Amino acid sequence: MPTTAAPAHVHDAARTALATAPAHRRQTFALRLDRWWDDLLEPLTRLHGAAVAGALATDLVRLAATAYVARDDELHLLDERRLLEPDWLQSPRMLGYAAYADRFGGTLHGVGEHVPYLEELGVTYLHLMPLLQTREGDNDGGYAVADYTRIRPDLGSMDDLRELARTLRGRGISLVLDLVLNHVAREHGWAVAARAGDATYRDYFHVFDGRGGAEGPDAYERTLPEVFPAFAPGNFTWDDDLHGWVWTTFNSWQWDVNWANPAVLREYAGIVLDLANAGVEVLRLDAIAFMWKRIGTSCQNQPEVHDITQVLRTLTRIACPATAFKAEAIVAPRELLAYLGTGGHQGKVSDLAYHNSLMVQVWSMLATGDVRLTAHALRGLPPAPPRSTWITYVRCHDDIGWAIDDADAAALGLDGRSHRRFLSDWYAGSFPGSPARGLVFQENPATGDRRISGTAAQLCGLASAGGDRAAVEAAVARIVLAHSVIAGFGGIPVLWSGDELAQLDDPDWASEPGHAGDNRWTHRPRLDWSRAAGRHDPSTPQGRVFEAVAHLGRVRAGLPHLHASVTNEVLEVHDPGVLAILRRHPVGTMVALHNVRGESARWPGSRLTDLGLYDPFDALTGNRPQWVDGEVVVPPWGSLWLVDAAAVTWP
Ligand code: GLC
Ligand code: GLC
């Protein structure tokens with residue numbers, strides 16, 4: 001680690017801010033500053049040039065020192081604890097849950113009251129959907145922030161947030177919140193000032209007087225995709241107050257901020273440090289791919305994004321090292337790894353990123369009963385950097401976009417576009433024989449894209465099963481299988497609230513104010529606590545799914561093989577219905593077998609022996625698997641997590 005100590009004048013600037021801190025704190029800060037100085041200065045220099053970078057870095061260090069002094073003792077202690085266990089996010093004990101605070105617990109205080117429920121599931125990571133002050137009316141589920149320093153009043157106050165973070169921390173649960181950093185609401189103070197004619201704040205946004213010019217909206221549009229083609233076509237919005245076109249990648253009232261302006265970077269640095277000091281342990285960097293604009297490109301995945309992330313990350317390493325970053329980059333696999341830190345950014349940007357490709361493949365396997373495309377696609381993904389961790393998930397608050405790569409499809413003799421079309425038809429329930437009942441989201445006639453909304457249960461066939469027992473069984477089995485794939489993959493499996501109870505879509509989603517145009521609300525139901533009351537009743541779907549999901553978490557926690565630093569090797573396909581994943585950990589080998597069909601399958605025992613598994617146990621049942629003629633039997637829509645019995649702490 002070749003590091004240059006920070007120059008004396010930077011230490012001096014920090015010392016002034018640290019004046020009231022005890023000596024040991026001042027020493028710690030100085031050590032961290034020297035350790036990470038290069039990581040701060042280098043990306044700033046690339047972004048803004050040497051002349052600006054020096055003063056900006058000093059300014060940011062001063063900000064970090066101020067936040068460090070304000071950080072409370074419990075959080076300083078947490079910093080030390082995380083530094084002693086740098087792989088805490090990679091531990092198989094990690095299990096996530098994502099929910100809207102209001103839809104799960106009413107208020108922040110209410111969320112705190114439901115902690116025992118989360119503990120029953122084994123949750124150690126709680127992502128609460130955006131809860132900062134939003135604009136009035138439609139606000140994209142909170143992703144149109146009007147004030148980063150306030151909590152939505154119906155949910156509580158900043159003090160309630162601190163209190164909740166403390167409660168969660170006391171129970172071993174890390175609080176995860178969104179940092180919406182690509183855009184703010186048109187009603188945010190910066191936008192209000194810009195609309196009032198303040199030139200300083202106009203520069204916080206990308207504003208154009210007209211549509212023409214070599215670098216005007218029309219020129220950009222030539223290479224820009226559309227995120228919401230149905231309800232927010234185009235990427236620019238005319239604003240009368242501004243008397244100009246403002247960049248709006250998402251909705252017309254979500255204004256993209258101008259990250260090329262150092263003042264914007266400074267503002268967000270302050271926001272990051274404040275949230276960390278409120279007790280937020282993981283920041284989800286929303287829509288991070290879109291932050292930097294470059295003419296002639298899709299304006300996604302630009303290299304500057306990683307420099308900006310490194311700057312913010314380095315500041316947290318200095319002031320509040322317990323804080324981790326999670327990249328929300330729903331981008332092609334070849335672009336994705338950079339968000340976890342490749343090249344010079346290794347270990348310096350986000351710790352976590354969504355495994356969107358795995359999520360899409362889970363649904364593809366369940367629809368086709370065939371794992372070959374999945375095996376091919378997963379094998380083509382380069383291994384993630386060793387200290388990074390995937391977020392694995394079955395569903396989240398967003399729609400499913402069919403990110404099936406054309407080349408992957410072609411390698412299997414499929415046509416990418418037709419396969420994507422098939423998947424939307426299947427999950428919309430319009431393909432003959434499909435039990436799924438999802439909704440089509442944002443059909444785009446230009447590209448043929450049709451994304452899908454729906455809860456896991458809705459997409460697995462529980463809604464269409466009615467009173468048909470076999471159909472209910474099959475739906476339950478598919479829900480559990482999907483969760484077994486994500487739980488047995490390494491990384492942090494994150495449950496989407498309601499899926500653990502096999503909740504169906506909300507039939508009344510459109511009747512809520514501001515939601516009618518956006519059918520993602522169908523799979524964002526309020527947690528049904530009366531349904532939750534039946535979670536221990538094995539005769540109900542919710543009872544079966546809840547117990548199975550909690551069981552997956554318990555088994556996972558005892559399997560060192562599932563530490564995220566272990567890479568997955570997707571084994572050659574033996575039976576097109578069975579996905580086989582090998583994980584080699586120093587304690588022994590694990591082979592997960594997932595049968596994506598409704599008939600039982602077999603897998604050759606000799607291959608297990610070749611892989612070093614002589615007397616495999618199924619960690620999920622705690623028993624030896626069933627054997628027939630030298631082959632292990634994988635039950636219909638079932639999983640085996642095969643390991644050597646000696647390597648396991650049984651729950
Ligand atoms: C993210 C969120 C999504 C939101 C978008 C704009 O991708 O997941 O729900 O619409 O950002 O903020
Ligand atoms: C796209 C974007 C993602 C956004 C989602 C909203 O997938 O990449 O950022 O949240 O659309 O539906």
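Keep in mind that what you see is a predicted model, and the values were worked out from it rather than measured. Computed from heavy atoms alone, side chains included, the values below leave out hydrogens, waters and symmetry copies. For ligands, and for the atoms within them, numbers begin at 1 and follow the listed sequence.
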Please work out which of the three classes, parallel, tilted or perpendicular, describes the rings of Phe422 and Trp426, given edges at 30° and 60°. tilted
Evaluate the ring planes of Phe104 and Tyr117, with Trp represented by its six-membered ring, and classify them as parallel (under 30°), tilted (30 to 60°) or perpendicular (over 60°).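 Because their plane-to-plane angle lies in the 30° to 60° range, the rings of Phe104 and Tyr117 count as tilted.
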Have a look at ligand 1 and work out which part of Arg284, if any, has a heavy atom under 4.0 Å from it: side chain, backbone, both or neither. side chain
So which bit of Phe290 gets within less than 4.0 Å of ligand 1, heavy atoms only: side chain, backbone, both or neither? neither
Candidates Trp247, Trp255, Phe205, Phe250 - the one meeting ring pair (Phe, Tyr, Trp, His ring centres under 6.0 Å) with His183: Phe250
Taking the six-membered ring of Trp402, is the NZ or CZ of Arg451 close enough (under 6.0 Å from the centre) and on axis enough (within 45°)? no
With atoms numbered from 1 as shown, which atoms in ligand 1 lie under 4.0 angstrom from a non-hydrogen atom of [X]?
{"X": "Asp398", "value": "2 (C), 3 (C), 7 (O), 8 (O), 9 (O)"}
{"X": "His183", "value": "6 (C), 12 (O)"}
{"X": "Arg520", "value": "3 (C), 9 (O), 10 (O)"}
{"X": "Phe228", "value": "10 (O)"}

Set of salt bridge (Lys or Arg N to Asp or Glu O under 4.0 Å) partners for Glu187, sequence neighbours left out: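 In terms of salt bridge (Lys or Arg N to Asp or Glu O under 4.0 Å), with neighbours along the sequence ignored, Glu187 is linked to Arg135.
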Using a 3.5 Å cut-off and no angle test, enumerate the donor-acceptor pairs between side-chain atoms of residues 333-341 and protein atoms at least two apart in sequence or in another chain.
residue	atom	partner	partner atom	Å
Tyr339	OH	Asn301	OD1	2.7

Please state whether Asp286 comes within less than 4.0 angstrom of ligand 1, counting heavy atoms only. yes
Min N/O separation Asp140 to ligand 1 under 3.5 Å: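 Yes, there is a polar N/O contact under 3.5 Å.
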